[in-house]
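Each remark here refers to the structure printed beneath this line.
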Amino acid sequence: MKTKYLTENLRTTQVESTAKGGEYEYHVSYVYDGKNLLRMSCNIYKCNAENQSYSGCMSFENGNKSMNFPEDVEIAPHVTMFESILQEVNEGVAAL
């Protein structure tokens with residue numbers, strides 16, 4: 001019989017999604033196990049007819065929120081959108 005070395009400690013599900021708000025697109029990735037959100041990241045892109053330009057990122061992990069924006073980006077509307085996305089994700093994961 002072959003020896004097993006691995007013991008599974010955790011199995012997670014990763015979800016990739018997008019949200020739109022005005023001229024911005026939010027690329028969201030989150031990971032959960034059962035009914036607990038483990039982490040979520042959100043990359044923000046400003047979209048126009050020709051291209052997308054990077055506008056920042058926000059994340060949530062272990063109860064901590066982190067944000068990183070270029071100096072010239074207005075942060076407030078993105079924080080509001082992030083909170084809405086985070087609430088929607090948490091409600092969806094809790095309903096599983």
Side-chain angles (χ1 to χ4, degrees):
M1 178 172 213
K2 190 172 183 177
T3 303
K4 285 185 70 176
Y5 295 100
L6 296 175
T7 300
E8 186 173 310
N9 298 320
L10 177 67
R11 186 171 293 228
T12 63
T13 301
Q14 180 169 337
V15 179
E16 304 287 331
S17 55
T18 57
K20 292 190 180 214
E23 60 187 343
Y24 292 94
E25 192 170 274
Y26 300 83
H27 295 205
V28 179
S29 176
Y30 61 94
V31 177
Y32 66 92
D33 69 343
K35 294 186 181 244
N36 299 307
L37 176 63
L38 300 176
R39 63 185 164 276
M40 181 178 93
S41 64
C42 179
N43 288 300
I44 307 160
Y45 297 91
K46 186 173 185 178
C47 302
N48 60 37
E50 295 84 39
N51 65 1
Q52 289 184 340
S53 60
Y54 179 76
S55 296
C57 66
M58 300 173 286
S59 64
F60 170 85
E61 188 167 2
N62 296 323
N64 296 307
K65 296 174 188 171
S66 176
M67 299 172 193
N68 189 355
F69 291 95
E71 188 175 8
D72 61 340
V73 172
E74 173 61 37
I75 297 171
H78 300 302
V79 172
T80 301
M81 182 62 142
F82 182 73
E83 291 297 332
S84 296
I85 292 169
L86 183 58
Q87 180 179 352
E88 184 176 328
V89 167
N90 275 320
E91 287 172 357
V93 168
L96 296 174

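Given the structure is predicted, the values throughout are model-derived calculations rather than measurements.
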Item to complete: Check the hydrophobic clustering (I, L, V, M, F, W, Y; side-chain heavy atoms under 4.5 Å; chains of links allowed) and say if Val31 and Leu96 are grouped together.
Response: no
Worksheet item: Side chains of Ile85 and Met40: does their closest heavy-atom pair fall under 4.5 Å?
Response: yes
Discussion item. Quick check: do Ser29 and Gln14 have side-chain heavy atoms less than 4.5 Å from each other?
Written reply: yes
Worksheet item: Got Leu86 and Lys65 here, is their nearest side-chain heavy-atom distance under 4.5 Å?
Response: yes
Worksheet item: In Å and rounded to the nearest 0.5 Å, what is the OH to SG distance from Tyr45 to Cys57?
Response: 9.0 Å
Practice prompt. Compare all side-chain heavy atoms of Glu25 with those of His27 and state whether any distance is below 4.5 angstrom.
Written response: yes
Worksheet item: Atom CZ in Phe82, atom CZ in Phe60: separation rounded to 0.5 Å?
Response: 8.0 Å
Worksheet item: If you group Ile, Leu, Val, Met, Phe, Trp and Tyr by side-chain heavy-atom gaps below 4.5 Å, do Tyr54 and Ile44 land in one group?
Response: no
Practice prompt. Hey, could you give me the OG1/CG distance between Thr18 and Asn43, rounded to the nearest 0.5 Å?
Written response: 12.5 Å
Practice prompt. Would you name the heavy atoms of Ala94 and Lys35 that are closest together and state the gap between them?
Written response: O-NZ, 3.4 Å
Discussion item. Any donor-acceptor pair under 3.5 Å linking the side-chain atoms of Glu83 with those of Gln87?
Written reply: no
Item to complete: Could you tell me how the ring of Phe69 sits relative to the ring of His78: parallel (under 30°), tilted (30 to 60°) or perpendicular (over 60°)?
Response: parallel
Discussion item. More than 12 heavy atoms of other residues, nucleotides or ligands under 6.0 Å from CD of Glu88: yes or no?
Written reply: no
Worksheet item: Does the side chain of Leu10 reach to within under 4.5 Å of the side chain of Leu38, using non-hydrogen atoms?
Response: yes
Discussion item. Does atom CD (Glu71) have a neighbourhood of more than 12 heavy atoms from anything else shown, all under 6.0 Å?
Written reply: no
Worksheet item: Under 3.5 Å, is there a donor-acceptor pair between the side chain of Asn48 and the main chain of Glu50?
Response: yes
Discussion item. How close do Tyr32 and Leu37 get, counting heavy atoms only, and between which atoms?
Written reply: CB-CA, 4.1 Å
Fill in: Spacing of Thr13 atom OG1 and Tyr30 atom OH [to the nearest 0.5 Å]
9.5 Å
Worksheet item: If you measure from CD on Glu74 to OG on Ser55, what distance do you get to the nearest 0.5 Å?
Response: 12.0 Å
Worksheet item: Atom CG in Asn51, atom NZ in Lys46: separation rounded to 0.5 Å?
Response: 10.5 Å
